[in-house]
Amino acid sequence: PRDPWQGPMPFDGPAERAPIRVAFTRNTFGFALHPAVAKALDTALAALAAAGYEVREVEPPLLEEAATTGARCLFGEARALMDADVRRHGSKTVVAIFDEYYRYFRPFEGIELLRAMADRNRFVRAWTTFMADHPLVLTPFLPAPIFTWNRDEQGAEGVREVLGSALYSYAMNFMGLPAAVVPANENDGQPVGVQIVGRRFREDMILDAAEVVERAVGVMAERLWRRGP
């Protein structure tokens, strides 16, 4: 009752007619797709196909525009509502990082911010219509396996690598679509994840698909813990 946006939905939704269609994309929007990420996608695709899913390479709609608009709305809100506290309580490093975020994402302000937030409906409608035929969408999560420690402290290129390349993350946050990230490969001893996006309130379908991938590659956490420090 304290959450004004949620309803009493059952966790398991109605059964989807088989085979369940999975759209997938390798598009990284100008960022180089690392071979380890490409291999993770191939592994996930093979696992889903072997489990009876119908996988199709189909470009989902308006992804880059939705991500860019969402990030600029986010930092518009952040600058309007948080910036004074960031500067009052943040370290010089934190303030410098936020300034670089603002330069990279060019926050919406005023009426422009309101219009961009209203435009969210256009992106959500495009995706929900797309997902009427493709209930699941497999994407990269990041184009590279992982960034180095404190990378976002390292100026424009650091911010671009850490946050700029994460379009598939903040696009889904902006549109309110549920997603899971599941490891599907390793690179230098670190897990490489892929993202599975689903319809609203269909986390059950997302988790079922993620489990298929996990069964194919093994539980990555167990493998990493066995190695020790």
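Side chains are part of it too, since the values below use all heavy atoms of this structure and drop only hydrogens, waters and symmetry mates.
Closest approach of Arg160 and Gly30 over heavy atoms only: NH2-O, 4.2 Å. Shown here for Met220 and Asn185, the closest heavy-atom pair between the two residues is CE-O, 3.5 Å. The two atoms that bring Pro19 and Glu54 nearest to each other are CG-OE1, 3.5 Å, heavy atoms only. Between Ala179 and Ile206, the closest heavy-atom pair is N-CD1, 4.0 Å. When all heavy atoms of Pro191 and Pro183 are compared, the closest pair comes out as CB-CB, 3.9 Å. Taking each heavy atom of Val37 and Pro140 in turn, the nearest pair found is CG1-CB, 4.2 Å.
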request  = Test side-chain contact (heavy atoms from CB on, under 4.5 Å) on Phe141 and Val182 and set out the steps.
outcome  = CA-CA 9 Å; Phe141 183 64; Val182 58; over 6 Å; no
ask   = Given Val137 and Phe130, is the side-chain contact (heavy atoms from CB on, under 4.5 Å) satisfied, shown in steps?
value = CA-CA 10 Å; Val137 184; Phe130 177 76; 3.9 Å; yes
message = Let's go through Thr25 and Tyr168 carefully: what are the C-alpha distance in whole Å and the side-chain angles of both, what is the deciding distance for side-chain contact (heavy atoms from CB on, under 4.5 Å) to 0.1 Å, and is it a yes or a no?
response = CA-CA 11 Å; Thr25 177; Tyr168 284 105; 3.4 Å; yes
key: side-chain contact (heavy atoms from CB on, under 4.5 Å) assessment of Arg199 paired with Thr128   = CA-CA 7 Å; Arg199 297 169 178 164; Thr128 53; over 6 Å; no
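Rounding to the nearest 0.5 angstrom, the gap separating the CD atom in Glu16 from the CG atom in Leu136 is 8.0 Å. One finds the CG atom of Asp208 at 6.5 Å from the CD atom of Glu211 (value rounded to the nearest 0.5 Å). Atom CG of Leu163 and atom OG of Ser169 lie 8.0 Å apart (nearest 0.5 Å). Atom-to-atom distance recorded for Trp149:CH2 and Gln154:CD is 12.0 Å, nearest 0.5 angstrom. Between the CG atom of Leu138 and the CZ atom of Arg26 there is a distance of 9.0 Å, given to the nearest 0.5 Å.
Within a 6.0 Å radius of CZ in Arg125, other residues, nucleotides and ligands contribute 12 heavy atoms or fewer. Annotation: Arg106, atom CZ; neighbour count of heavy atoms from other residues, nucleotides and ligands within 6.0 Å does not exceed 12.
Using a 4.5 Å cut-off between side-chain heavy atoms of Ile, Leu, Val, Met, Phe, Trp and Tyr, with links allowed through other members, Tyr101 and Val86 fall into the same hydrophobic cluster. One hydrophobic cluster holds both Phe29 and Val58 under the rule that ILVMFWY side chains link at heavy-atom gaps under 4.5 Å.
Between Asp99 and Lys92, none of the side-chain N atoms (NZ, or NE/NH1/NH2) sits under 4.0 Å from a carboxylate O, so this pair counts as no salt bridge. In this structure, Arg87 does not pair ionically with Asp85, as no charged nitrogen and carboxylate oxygen lie closer than 4.0 Å. In this structure, Arg115 does not pair ionically with Glu112, as no charged nitrogen and carboxylate oxygen lie closer than 4.0 Å.
Judged by distance alone, with hydrogens and angles left aside, the side-chain atoms of Glu161 form no donor-acceptor pair with the main-chain N or O of Arg151 at under 3.5 Å.
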